Structures are given as structure tokens and as C-alpha cells.
Amino acid sequence: MESMSDKPTLTVLAGPTAVGKGTVSTYIRDHYPQVWLSVSATTRPPRPGEINGVHYYFVSASDFDDLVAKGSMLEWAVVHGRNRYGTIRETVERAMAEGKSVLLEIDLQGARQVKQTMPDANFVFLAPPSWEEMVRRLVGRGTETPEEQQQRLETAKLELAAESEFDHTVINDDVQRAAEELVSLMGLVPNPR
Ligand code: 5GP
């Protein structure tokens with residue numbers, strides 16, 4: 001039977017620390033309402049301006065344990081050796097069943113788990129224009145301690161090597177341009193400039 005649409009319904013966006021995945025997904029949230037952006041659960045406390053249910057579901061460690069124990073997580077990981085982050089399976093599966101264009105912005109460990117369970121998903125690697133630029137962005141953000149920054153750089157080096165596991169690479173040289181390329185890879189039409 002012919003499929004109703006050639007659009008990939010599930011796209012996974014991953015990439016190294018501080019490459020700007022969050023910035024690209026925020027841009028998508030603000031400019032592309034046709035993209036269904038998954039809201040992850042996390043044990044990390046909210047940063048200033050982050051809203052529960054919009055940026056993340058901020059949950060306690062024991063609530064996260066329960067979600068994992070019930071099998072409610074499509075994937076989950078400890079990121080930067082600190083907090084847990086996970087995608088809630090039911091919300092994603094429902095959005096896919098409704099034919100929505102679903103976007104997961106997750107870390108590499110999570111992307112690998114999704115690759116195991118949903119190998120036909122569209123895997124997009126967000127790459128920095130250069131290593132120096134990535135370090136500059138990480139340090140410039142100023143929201144982490146030096147120890148946390150060092151931990152994130154270590155993670156980033158390993159993550160950069162994973163590009164070949166992905167179907168496509170988008171270079172985050174400019175947020176709007178990168179978002180447009182991502183949206184095109186999702187089979188959607190980018191907004192006119
Ligand atoms: P942040 O704490 O800066 O918001 O996010 C830290 C990292 O967690 C980012 O690399 C982001 O991609 C990742 N992340 C966010 N949500 C999820 C999730 O649901 N699953 C996984 N595996 N990683 C996530």
C-alpha cells in the first residue's frame with residue numbers, strides 16, 4: 001500500500017554539547033508550530049525563564065524512577081554525568097499516530113536508543129562550525145561551573161565522533177538557516193525570509 005505521505009514522521013536531532021540544539025529547538029518552537037516538539041522529562045532544576053510543561057517536565061528523582069519502571073520512557077539518559085533526561089513514549093507515539101511531524105531534541109545516548117527501537121526515524125546531527133566556536137559558546141553561556149564546563153567538553157569530544165551514525169548533518173552556523181534546513185529535512189516547507 002502506498003503511504004499517504006513521504007514525510008518522515010519522527011526526526012531525532014542530536015549533536016554535541018553546546019552546539020546549539022536548544023537554541024535551534026527554541027527557534028523551531030517559536031517559528032514552526034507545524035512541528036510537534038517533544039517535551040522531555042528531566043531531574044534538572046529549571047533555569048530562569050524555563051516553564052514546566054513547555055521546556056521540560058521538571059520531575060523529582062523518584063518520579064523519574066517511576067516513569068522508567070513503568071516503561072514510559074522511549075529513551076532516557078544521564079547527561080553530563082549529572083541529571084536524567086527522557087522522552088515520554090506515549091506522547092510521542094500519539095503525535096506520530098496523528099500524523100504530526102515529531103521532533104526530538106535529545107543527546108547522543110538517547111538518539112542511539114531511538115535508533116534501536118525506531119530505525120526508520122530520520123536522524124539529524126547538528127554540528128558546530130568549528131571546535132573553537134563550540135568552546136566559545138559553552139563558556140559564553142556562563143550557566144555552568146568550571147567543573148561542569150569541563151565535563152561537557154569531554155562529552156562533546158566523544159559526541160563529535162558520532163556524526164557518521166546519522167542520516168544527515170546540519171551545521172549550526174546560523175540558527176535561522178539551520179532551522180530552515182532541519183525543517184526541510186523533516187519534509188516541511190521553511191518560512192519565507
Ligand atoms: P540542558 O540541561 O542544557 O537543557 O540539556 C542538556 C542535554 O540534555 C542536551 O544535550 C539535550 O539534548 C539533552 N536532552 C534533553 N532532553 C533529553 C531527553 O529527553 N533525552 C535525552 N537522552 N537527552 C535529552
Side-chain angles (χ1 to χ4, degrees), residues 8-26 28-29 35-47 50 52-96 102-128 134 137-138 141 143-145 147-170 172 182:
T9 54
L10 180 71
T11 298
V12 175
L13 180 69
T17 297
V19 73
K21 296 191 295 291
T23 313
V24 171
S25 59
T26 297
I28 299 261
R29 184 188 290 114
V35 172
W36 190 91
L37 186 60
S38 171
V39 179
S40 300
T42 182
T43 58
R44 161 168 89 59
R47 295 192 185 115
E50 286 184 333
N52 189 39
V54 175
H55 300 94
Y56 285 103
Y57 296 108
F58 296 100
V59 301
S60 67
S62 70
D63 286 345
F64 202 100
D65 288 342
D66 288 346
L67 286 166
V68 173
K70 280 191 294 186
S72 303
M73 290 305 199
L74 176 63
E75 59 74 34
W76 70 273
V78 177
V79 180
H80 311 307
R82 290 173 63 86
N83 294 299
R84 284 179 288 170
Y85 298 78
T87 304
I88 298 163
R89 181 193 303 278
E90 193 192 336
T91 57
V92 169
E93 286 180 349
R94 192 183 319 128
M96 287 173 71
V102 174
L103 180 63
L104 307 186
E105 184 259 289
I106 59 178
D107 89 319
L108 183 63
Q109 307 166 76
R112 287 182 173 134
Q113 291 173 45
V114 178
K115 185 123 190 165
Q116 292 296 312
T117 49
M118 296 176 166
D120 294 337
N122 189 21
F123 292 87
V124 179
F125 190 82
L126 192 67
M134 201 165 85
R137 286 181 195 178
L138 178 62
R141 190 157 69 180
T143 48
E144 290 84 27
T145 66
E147 291 74 26
E148 284 170 341
Q149 287 175 0
Q150 191 55 41
Q151 176 74 57
R152 286 181 176 222
L153 286 175
E154 293 299 324
T155 308
K157 273 185 214 157
L158 290 173
E159 290 181 338
L160 267 182
E163 182 183 345
S164 61
E165 298 170 35
F166 285 72
D167 300 316
H168 305 281
T169 295
V170 171
N172 190 17
L182 175 63

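For the single chain, residues carry numbers from 1 onward in sequence order. The shown structure was predicted, so the numbers you read here are calculated from the model rather than taken from an experiment.
Of the possible polar contacts, one joining the Gln109 side chain to the Val78 backbone as a donor-acceptor pair under 3.5 Å is found.
Ile28 CD1 to Trp36 CH2: the interatomic distance, rounded to the nearest 0.5 Å, is 14.5 Å. Going from atom CD1 of Ile106 over to atom CG of Leu74 covers 7.5 Å, rounded to the nearest 0.5 Å. Distance check: Asn172 CG to Thr23 OG1 gives 7.0 Å after rounding to the nearest 0.5 Å. Note: Thr169 OG1 to Phe123 CZ = 13.5 Å, rounded to the nearest 0.5 Å. Rounding to the nearest 0.5 Å gives a distance of 11.5 Å between OG1 of Thr11 and CG of Leu37.
The shortest side-chain heavy-atom distance between Tyr57 and Thr42 does not fall under the 4.5 Å cut-off. Using a 4.5 Å cut-off on side-chain heavy atoms (C-beta onward), Val92 and Met96 make contact. Using a 4.5 Å heavy-atom cutoff, the side chains of Met73 and Thr87 are not in contact. In this structure, Lys115 and Val12 have side chains that are not in contact, with every pair of non-hydrogen atoms separated by 4.5 Å or more. In this structure, Leu103 and Leu182 have side chains that are in contact, with non-hydrogen atoms separated by less than 4.5 Å. You'll find the side chain of Val19 stays beyond 4.5 Å of the side chain of Glu159, heavy atoms only.
Residues meeting the side chain to side chain contact (heavy atoms under 4.5 Å, CB included) test with Val170, sequence neighbours left out: Val124, Leu126, Arg177, Ala178, Glu181, Leu185. For Glu90, the side chain to side chain donor-acceptor pair (under 3.5 Å) partners at least two apart in sequence or on another chain are Arg94. Partners of Ser25 under the side chain to side chain donor-acceptor pair (under 3.5 Å) rule, at least two apart in sequence or in another chain, are Glu105. Arg44 is linked by a side chain to side chain donor-acceptor pair (under 3.5 Å) to Glu50, Tyr85, counting only residues two or more places apart in sequence or in another chain. Checked against ring pair (Phe, Tyr, Trp, His ring centres under 6.0 Å), Trp76 has the following partners two or more places apart in sequence or in another chain: Phe64.
Using modelled atom types and a 3.5 Å distance limit, the side chains of Glu147 and Gln151 yield no donor-acceptor pair.
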Stepwise, does the side-chain contact (heavy atoms from CB on, under 4.5 Å) test hold for Thr91 with Val39? CA-CA 9 Å; Thr91 57; Val39 179; over 6 Å; no
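For the residue pair Leu108 and Ala162, the shortest heavy atom distance occurs at CD2-CB, 3.4 Å. Nearest heavy atoms, Lys21 versus Gly15: NZ-O, 2.8 Å. Considering all non-hydrogen atoms of both residues, Asp167 and Ala121 come closest at OD2-O, 3.5 Å. Scanning both residues, Phe125 and Pro16, for their nearest heavy atoms gives CZ-CD, 3.8 Å.
Residues in residues 70-84 take part in these salt bridge (charged side-chain N to carboxylate O under 4.0 Å, His left out) pairs, two or more places apart or across chains: Asp65-Arg84, Arg82-Glu148.
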